[in-house]
Amino acid sequence: MSGSASRLNAISAVTNYKAQSPPLNFSETPAGSVYGSNVFSVKVMKERLPKSVFKSVMKTIEAGEPLDGSVADTVAAAMKDWAIEKGATHYAHVFYPLTGLSAEKHDSFLSPDGLGGAVSEFSGSALIQGEPDASSFPSGGIRATFEARGYTAWDVTSPAYILENPNGTTLCIPTAFFSWTGEALDKKTPLLRSMKALNTQAQRLLKLFGHKNISLVTASAGPEQEYFLIDRNFYFARPDLINAGRTLFGAPPPKGQEFADQYFGAIPERVLACMMDTEYELFKLGIPVKTRHNEVAPSQYEIAPIYENANVAADHQQLVMLTLKKVAEKYGLACLLHEKPFAGVNGSGKHLNWSLGNSTQGNLLEPGKTPHENMQFLVFCAAVIKAVHKHSKLLRAVIAHAGNDHRLGANEAPPAIISIFLGEQLADVFEQIKKSGSATSSKQPGVMTVGVDTLPPLPKDAGDRNRTSPFAFTGNKFEFRAVGSSQSLSGPLVALNTIMTEAMDEIATELEKATGGDCAKLAPAVQTLLKKIIDTHGSVVFNGDGYSAEWHAEAEKRGLPNMRQTVDALPSITDPAVIAMFEKYQVLTAREVASRESIYFEQFVLTLNVEANLTYEIAKTVIYPAAVRYQSELAAAAANCKAAGVSFDTTVLSKVSELIGSLVEKLAKLEGLLPGSGGHGVENPKEAAMHCSHEMRPAINEVRSVCDTLEGVVADDFWPLPTYQEMLFIK
């Protein structure tokens with residue numbers, strides 16, 4: 001293969017790669033033996049805490065009761081001893097600021113003893129509360145830069161864990177993060193508030209169905225994480241990947257994903273070794289990863305856990321992303337979590353499987369074998385339909401950001417139109433309710449015979465799945481498929497929990513009025529309620545092809561919003577009805593909601609500013625010089641041929657010269673739009689976002705279009721950047 005010296009060196013390094021990490025031996029150390037070994041789990045607490053203290057802590061974890069502060073010193077002492085036994089020298093309050101990333105402040109266990117030595121200390125007050133500097137985290141106007149005080153508070157419902165490093169370990173304590181005024185500066189605090197509100201209204205509904213013993217109802221989540229792995233030699237040769245997380249240039253390779261030969265294909269040996277090491281590290285942290293496989297695009301993969309408590313799942317998901325990146329480095333790979341790192345092939349999502357339930361009533365979205373007879377399930381399912389239809393704009397807004405703009409609506413991800421797929425069985429049940437006010441039957445699972453004698457008859461579900469729906473029912477949960485791969489789970493979870501809380505509240509109020517506490521009146525009241533909900537909100541249900549042009553036209557007739565870009569979607573966060581809902585259920589105050597809209601607009605602007613500056617820099621200092629050098633070589637060849645009296649075809653020279661001229665023109669246009677060059681900063685985030693979306697992004701795309709065309713014309717040994725063909729297929 002030809003190519004520039006830097007590309008050839010990178011290719012040589014890739015093809016001659018040898019593993020740096022010693023191989024894992026699961027026969028000597030079975031995965032089950034390490035699972036949760038680095039977690040201060042319920043099992044560890046039971047072994048190390050006095051019985052009364054253990055029971056007190058478990059009441060908070062299992063029943064949502066307030067934490068008894070008097071037990072903190074005892075818990076802290078046990079936690080410190082356990083951590084030190086595992087080599088810990090420091091503890092860290094881990095929190096999740098509004099950047100969507102993880103943050104941590106480390107403090108040593110050691111304190112001087114006054115005699116020239118030191119003792120290990122960790123008090124209950126140090127466990128419960130920390131004080132990191134809050135001034136440099138985005139607050140959306142809640143805090144001024146000089147107002148620095150911020151607090152972290154121990155979240156006892158998410159277990160502490162040990163983070164390993166070659167030079168020791170650190171005790172990590174999941175915490176909430178808020179300002180001196182008590183306002184949430186993080187992703188966790190609103191999530192915990194939404195879980196509390198969800199439990200209150202879900203229990204209220206369950207009481208209407210005659211349940212007496214009702215345990216804490218929680219939302220559950222199981223995110224399917226998609227990601228790319230490419231060799232680090234290619235990664236470090238691409239300034240756009242380093243700084244923007246995606247390629248801002250790159251012509252399509254001769255072969256992409258059109259053969260579908262990547263999907264569920266054999267996992268390359270080096271990649272599989274990296275996956276197994278990642279899973280080993282996640283097992284130690286008690287993260288229940290279950291599935292791994294090749295995804296559709298070349299060099300794209302997926303890891304998926306079993307779903308768990310939504311708050312814990314959100315914390316675990318942050319650890320999954322960090323671990324994927326950290327372990328990939330050990331294998332000479334770079335993990336890309338951007339929604340669209342490569343144009344022309346599928347991007348990555350984080351499919352959020354969401355449900356709700358408890359230990360006494362089970363999964364509240366489990367339809368059973370005859371869902372038409374399962375009155376309780378139908379009410380909770382109807383609540384989802386009502387919530388998603390009423391707040392589809394909010395759901396679109398919470399997955400809106402610059403990276404997802406490249407993905408949503410393409411033939412790889414759900415469209416920007418939020419709709420619900422129920423499947424044939426449930427769609428039929430609700431259609432019966434709509435037509436006659438009640439349902440009398442449910443389509444039943446069948447048996448599939450595939451015509452091979454050696455294969456047994458296989459159970460067949462009552463309905464097919466739909467991969468084009470942004471919000472699909474998948475058996476006993478809903479899959480929110482529109483969430484971006486780089487996102488924190490918390491924002492979408494807060495929205496889902498809160499809109500479901502509102503729907504359950506309104507449903508419970510209506511049923512209480514209709515029954516007056518008389519159980520005999522419940523069935524007819526539910527029947528009336530279900531018909532009303534499906535009549536009013538059934539337009540959000542769509543079981544067809546979400547990619548089709550026909551659906552876009554049909555959705556418009558139904559009045560379903562289609563907000564294709566981030567700048568169109570984000571204002572829905574501060575819709576008066578949304579603010580009123582968040583305030584009513586004490587999930588977010590009006591100021592906290594407004595701060596989030598401001599921050600998300602600002603992050604959009606900052607992302608586009610980085611991409612614009614990178615596009616300008618790489619095109620002008622890397623691609624333009626390469627094109628000019630090739631132009632000079634062609635011109636010299638033409639001159640030499642002319643001097644020798646030999647004809648020379650100048651078609652390529654003319655094409656290159658034309659493209660260079662176009663590139664100079666497009667770069668001048670982009671330069672005038674850059675921040676500090678007549679472009680917008682972020683003084684007014686919303687106004688700046690409009691500028692970035694409507695003016696700067698098209699200019700970036702115009703520069704890219706010329707450069708990608710040049711890549712197909714300039715001689716390969718002149719082209720300076722690793723190509724898609726190399727990055728995606730050389731492993």
Side-chain angles (χ1 to χ4, degrees), residues 1 7 10-26 31 34 223-238 241-242 245-247 250 253 255-285 287-305 317 319-342 344-351 412 485-486 722-731:
M1 179 181 286
R7 285 167 50 211
I11 292 168
S12 175
V14 175
T15 54
N16 294 313
Y17 170 81
K18 295 197 183 323
Q20 302 298 310
S21 299
L24 299 172
N25 190 330
F26 284 102
V34 301
E224 302 167 20
Q225 176 73 62
E226 295 173 337
Y227 61 98
F228 282 81
L229 290 174
I230 66 166
D231 190 274
R232 281 164 65 81
N233 291 283
F234 294 139
Y235 176 79
F236 286 120
R238 294 288 309 222
L241 279 178
I242 294 171
R246 75 179 185 98
T247 53
K255 174 181 179 289
Q257 63 186 50
E258 62 272 22
F259 289 98
D261 53 342
Q262 318 291 328
Y263 197 38
F264 284 88
I267 302 172
E269 182 175 299
R270 180 182 174 193
V271 171
L272 183 55
C274 178
M275 286 179 168
M276 295 175 77
D277 202 340
T278 300
E279 290 167 352
Y280 186 77
E281 295 301 318
L282 295 175
F283 287 153
K284 288 192 285 186
L285 294 168
I287 300 174
V289 288
K290 182 73 171 177
T291 302
R292 64 186 182 216
H293 62 82
N294 277 11
E295 257 300 334
V296 175
S299 291
Q300 187 187 32
Y301 310 96
E302 180 177 296
I303 183 171
Q317 174 56 206
L319 280 170
V320 167
M321 292 191 289
L322 288 170
T323 305
L324 281 169
K325 284 181 170 290
K326 183 176 72 173
V327 175
E329 293 179 9
K330 292 169 58 177
Y331 293 85
L333 299 167
C335 175
L336 307 179
L337 294 172
H338 194 283
E339 284 70 23
K340 194 75 169 179
F342 301 100
V345 296
N346 277 13
S348 298
K350 193 196 307 279
H351 305 156
E412 61 186 79
S485 55
S486 68
T723 66
Y724 275 23
Q725 183 176 353
E726 293 159 354
M727 290 187 288
L728 291 173
F729 291 99
I730 298 178
K731 300 178 174 65

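As the structure is a computational prediction, the values presented were derived from the model and not from experiment.
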Peer 1: Quick check: does any side chain N or O of E258 sit under 3.5 Å from a backbone N or O of G256, one acting as donor and the other as acceptor?
Peer 2: yes
Peer 1: Grab the two heavy atoms, one from P341 and one from G245, that are nearest each other, plus how far apart they are.
Peer 2: CB-O, 3.9 Å
Peer 1: How far does CZ of F729 sit from NZ of K731, to the nearest 0.5 angstrom?
Peer 2: 6.5 Å
Peer 1: Quick check: closest heavy atoms across A328 and C274, and the distance to 0.1 Å?
Peer 2: CA-SG, 3.7 Å
Peer 1: Would you list the atom pairs, donor with acceptor, under 3.5 Å between side chains in residues 330-337 and any protein atom, with sequence neighbours excluded?
Peer 2:
{"from": "K330", "atom 1": "NZ", "to": "D277", "atom 2": "OD2", "distance (Å)": "2.9"}
{"from": "Y331", "atom 1": "OH", "to": "D277", "atom 2": "OD2", "distance (Å)": "2.7"}

Peer 1: Mind listing the closest non-hydrogen atom pair of P223 and P305 along with its distance?
Peer 2: O-CD, 2.8 Å
Peer 1: Can you tell me how far apart CG (L285) and CG (L319) are? Round to the nearest 0.5 Å.
Peer 2: 5.5 Å
Peer 1: Which residues pass the ring-ring contact (aromatic ring centres under 6.0 Å, His included) test with Y235, sequence neighbours left out?
Peer 2: none
Peer 1: Using modelled atom types and a 3.5 Å cut-off, is there a donor and acceptor pairing between side-chain atoms of Q262 and backbone atoms of E295?
Peer 2: no
Peer 1: Please confirm whether the backbone N or O of G349 pairs with a side-chain atom of E226, one donor and one acceptor, at under 3.5 Å?
Peer 2: yes
Peer 1: In chain order, what residues pass the salt bridge (Lys or Arg N to Asp or Glu O under 4.0 Å) check against E302, with sequence neighbours excluded?
Peer 2: none
Peer 1: If you measure from OH on Y301 to OG1 on T278, what distance do you get to the nearest 0.5 Å?
Peer 2: 12.5 Å
Peer 1: Looking at OG of S299 and CE of M727, how far apart are the two atoms once the value is rounded to the nearest 0.5 Å?
Peer 2: 9.5 Å
Peer 1: Answer with yes or no whether the side chains of N346 and Q300 bring together a donor and an acceptor at under 3.5 Å.
Peer 2: no
Peer 1: So R270 and D231, do their side chains get closer than 4.5 Å, heavy atoms only?
Peer 2: yes
Peer 1: Got a second to check how far R238's CZ is from N233's CG, nearest 0.5 Å?
Peer 2: 14.5 Å
Peer 1: Walk me through whether I303 and Y227 qualify under side chain to side chain contact (heavy atoms under 4.5 Å, CB included).
Peer 2: CA-CA 8 Å; I303 183 171; Y227 61 98; 4.0 Å; yes
Peer 1: Kindly indicate whether the side chain of L24, heavy atoms from C-beta on, has any atom under 4.5 Å from the side chain of E279.
Peer 2: no
Peer 1: Verify, without hydrogens or angle tests, whether K340 (side chain) and V345 (backbone) share a donor-acceptor contact under 3.5 angstrom.
Peer 2: yes
Peer 1: What orientation do H293 and F264 show, parallel under 30°, tilted 30 to 60°, or perpendicular over 60°?
Peer 2: parallel
Peer 1: Kindly compute the distance separating NZ (K350) from CD (E339), expressed to the nearest 0.5 Å.
Peer 2: 8.0 Å
Peer 1: For I11 and E726: C-alpha separation, side-chain torsions, deciding distance, then whether side chain to side chain contact (heavy atoms under 4.5 Å, CB included) applies.
Peer 2: CA-CA 8 Å; I11 292 168; E726 293 159 354; 3.7 Å; yes
Peer 1: List the steps, then state whether side chain to side chain contact (heavy atoms under 4.5 Å, CB included) holds for L241 with H338.
Peer 2: CA-CA 10 Å; L241 279 178; H338 194 283; over 6 Å; no
Peer 1: Does the side chain of T723 come within less than 4.5 Å of R7's, by heavy atoms?
Peer 2: yes
Peer 1: Of all heavy-atom pairs between G250 and Y724, which one has the smallest distance, and what is that distance?
Peer 2: CA-CE1, 3.6 Å
